[in-house]
Amino acid sequence: MNNIWKSAKLDFSLVKPYVKTICLIMILPIVFAAVNRSLLTGISFAMCLIAKTTGYTFSITEKNSMERLYGILPIRKSDMVIGRYIFMIIMGFAALIFSLVAHPILLTILGETISIFDCMNAASIGIFLFALYTVFQLPGYYKLGSIKGRVFLYIPVAGFLITLLPITQIPVGESKLLFTVINSPALLMLLAVIFVIVMYVISILVSIKILKNKEV
Amino acid sequence: MNNYLEVRNLSKSFESFQLRDITFSLPKGYIMGLIGPNGSGKTTTIKLILNMLKRTSGEVKILGFDNITNEQEAKRNLGVVFDSNYFSDEWKISQVEKSVSSFYENWDTQKFSETLKRFHIQPSKRVKELSKGMQMKLMLACAFSYDAKLLILDEPTSGLDPVSRDELLNILSEYIEDGEHSVLFSTHITGDLERAADYITYISYGELFFSGGKDEFIDRFRIVKGGCEELSADLGKKMIGIRNFSTGFEALVKTEDLKQFAHLNVEPATIDDIVVFTSKRGEQYE
């Protein structure tokens, strides 16, 4: 088995005793979606919550001084980091699939009409939010630990506010490129995918560098 | 390969502490005790060997592999036991095996089960339910299951009761019996060294004081005892450490300087004597 998968498997075994808690957390967004009668807000909330649970592996590692175990295993530090990202992405996808099944069923029971397009739209935004949170959060955890590293959760929020102001001042009609992008869902999706991949690559590289320089 | 562990000119600088030019080697088939007072640099040396700390300079070879450039190969046959457990408290013993075994190609499940049985560890128990001694044995059981050639233990006996300590030392002695395994263990319980160690590496104030055979180490020093009137300034300069009493003194001296102390009572030194007197660095105390 590849070392990256072994590392992801080890991370899963850390979180395994807490799977029930994580599943319970996932009920909250269902309630949220039901109250708001909105699939988009429900899925977005679910993905933000699951992004926050990615700190579990770091907390458990710190609580049990398991950085010493990671330090003696015959595995490269880069494989450990990539393994953790893969595990986190798997967790995110599991939460997304669960939400994409549970939320539409509940909303349909409540009398809402949910189309495939609504699901795809909500899933895209959910994935984007999850990626946005985790790409900042994980290097933060590697650098500062599971408690201090939480501060990195607020970077996307701050980033939104900072970028929102100049974006609203751009006259869309005058920019052909911006107009084309906004009016083409396929192009917008493609750009979002590229953006997410680039963000993850940078985040992984930063985390590897932090871990390689970290002294246990 | 004769040496399972080679450490050459290993140095590490912290703001408040420096480990300087540590050089020693551990031959295949032997046990080496890494000793020194608290804060002397034992754990730092071990962490540098394991590449958990970045060295300032020097070189470390584990089973012939550089511990940084060939880290994976070096760690494949390395077992490590720390003074406290490094598994998740929530894991059951069977989960420990599931989580760790995949990283070692030569993991032997049967051997793991047998070792657990021998150590009286129930696989259904959780790590947090084990005593400190049992957790130590669990870490050892893992190392034995992939037949780690070199075992590094950081203060494994601290916090263990005498029975568990005795048991652990027996296990280590058995482990090297076939001549294919080696052990490096740090301790400040010198009784453990008298019993189990073949070699001693003594680090004091971040510097290497001695590395070599245990008997040679003990034989290098003597304790001299005399009355107050027998202690002169010239003799004092030759003493490594001295303890004054109201009626006289006792001091640690080098065996090679013994001729100058011929008029005094001479006794063999214990490892404890050597560590205590050298740690005081000639400082006189009541």
Side-chain angles (χ1 to χ4, degrees), chain A residues 1-23 53 55-84 86-87 90 142-143 145-146 208-216, chain B residues 12 14 43-44 46-55 62-63 65 67-92 94-107 126-128 135 139 142-143 146 148 150-152 154:
Chain A
M1 204 193 334
N2 183 302
N3 277 340
I4 292 171
W5 283 111
K6 288 177 194 170
S7 180
K9 205 178 131 196
L10 178 62
D11 280 350
F12 173 68
S13 64
L14 290 184
V15 177
K16 205 176 165 189
Y18 304 94
V19 166
K20 276 183 195 168
T21 317
I22 294 171
C23 289
T53 63
Y56 273 46
T57 43
F58 293 90
S59 307
I60 298 162
T61 304
E62 274 174 37
K63 184 190 157 216
N64 297 289
S65 305
M66 289 182 75
E67 58 279 355
R68 295 175 305 165
L69 173 66
Y70 282 93
I72 64 169
L73 291 173
I75 175 170
R76 277 196 299 267
K77 288 186 171 78
S78 54
D79 290 347
M80 276 182 211
V81 171
I82 298 169
R84 184 151 292 184
I86 284 179
F87 169 66
I90 291 170
Y142 275 114
K143 181 73 183 171
S146 65
I208 289 171
K209 197 173 180 190
I210 292 169
L211 191 64
K212 278 187 176 171
N213 291 322
K214 200 169 188 178
E215 298 198 320
V216 180
Chain B
K12 171 74 183 172
F14 295 103
T43 300
T44 301
I46 287 179
K47 284 188 170 178
L48 286 167
I49 291 170
L50 298 173
N51 195 25
M52 287 179 171
L53 289 177
K54 298 280 158 213
R55 64 193 177 207
I62 300 169
L63 298 147
F65 296 107
N67 75 330
I68 295 177
T69 50
N70 300 105
E71 190 173 1
Q72 266 184 287
E73 291 82 356
K75 288 183 176 173
R76 216 162 265 157
N77 282 299
L78 178 69
V80 185
V81 173
F82 287 103
D83 57 345
S84 61
N85 152 57
Y86 48 60
F87 300 118
S88 172
D89 278 348
E90 296 294 333
W91 280 352
K92 288 187 175 177
S94 49
Q95 182 65 51
V96 170
E97 186 189 10
K98 272 186 201 165
S99 305
V100 177
S101 61
S102 64
F103 290 95
Y104 298 96
E105 283 167 16
N106 48 342
W107 182 280
R126 289 189 190 276
V127 172
K128 65 181 174 188
Q135 288 180 347
M139 289 186 270
C142 286
Y146 57 87
L150 173 64
L151 204 54
I152 296 180
D154 188 15

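Residue numbering restarts at 1 for every chain, and letters A, B, ... go by the order of the sequence lines. Only a predicted model underlies this, so the values are computations on that prediction, with no experimental measurement involved. Just so it is clear, the values below take in all heavy atoms, side chains as well, and ignore hydrogens, waters and symmetry mates.
When side chains are defined from C-beta on, B/Q72 counts as touching A/R76, because their heavy atoms get closer than 4.5 Å. A/E67 places none of its side-chain heavy atoms less than 4.5 Å from the side chain of B/M52. In this structure the side chain of A/S13 never reaches within 4.5 angstrom of the side chain of B/K98, judged on heavy atoms.
Taking OG of B/S99 as the reference point, atom NZ of A/K16 lies at 8.0 Å (rounded to 0.5 Å). Separating the CG atom in B/L78 from the CG atom in A/L73 is a distance of 10.5 Å, to the nearest 0.5 Å. Interatomic distance, OG of B/S102 versus CG of A/N2, reported as 11.0 Å (0.5 Å rounding). Here B/N51 contributes atom CG and A/E215 contributes atom CD; the two are 9.5 Å apart, rounded to the nearest 0.5 Å. Between the CG atom of A/N64 and the CH2 atom of B/W91 there is a distance of 8.5 Å, given to the nearest 0.5 Å.
Residues passing the salt bridge (charged side-chain N to carboxylate O under 4.0 Å, His left out) test with B/E73: none are found, sequence neighbours excluded. In terms of the salt bridge (charged side-chain N to carboxylate O under 4.0 Å, His left out) criterion, residue partners of B/K128 (sequence neighbours excluded) are, by chain and number, B/E90.
Proximity to chain B is limited to the side chain of A/I60, based on heavy atoms less than 4.5 angstrom apart. Of the two parts of A/Y70, neither the backbone nor the side chain holds a non-hydrogen atom closer than 4.5 Å to a non-hydrogen atom of chain B. Looking at B/Y104, only its side chain comes within 4.5 Å of chain A, counting heavy atoms on both sides. With a 4.5 Å cut-off on non-hydrogen atoms, B/K92 does not touch chain A at all.
Among A/P74, A/P17, A/S7, the residue with the largest count of heavy-atom pairs under 4.5 Å with chain B is A/P74. Most heavy-atom pairs under 4.5 Å with chain A, from the set B/N85, B/L50, B/N77: that is B/N85.
The two atoms that bring B/L53 and A/V216 nearest to each other are CD2-O, 4.0 Å, heavy atoms only.
For B/K54 (side chain) and A/K212 (main-chain N/O), a donor-acceptor pair under 3.5 Å exists by modelled atom type. With hydrogens and angles disregarded, no donor-acceptor distance shorter than 3.5 Å links the side chain of A/R68 to the backbone of B/V80. Looking only at distances, no side-chain donor or acceptor of A/K6 sits under 3.5 Å from a matching main-chain atom of B/F103.
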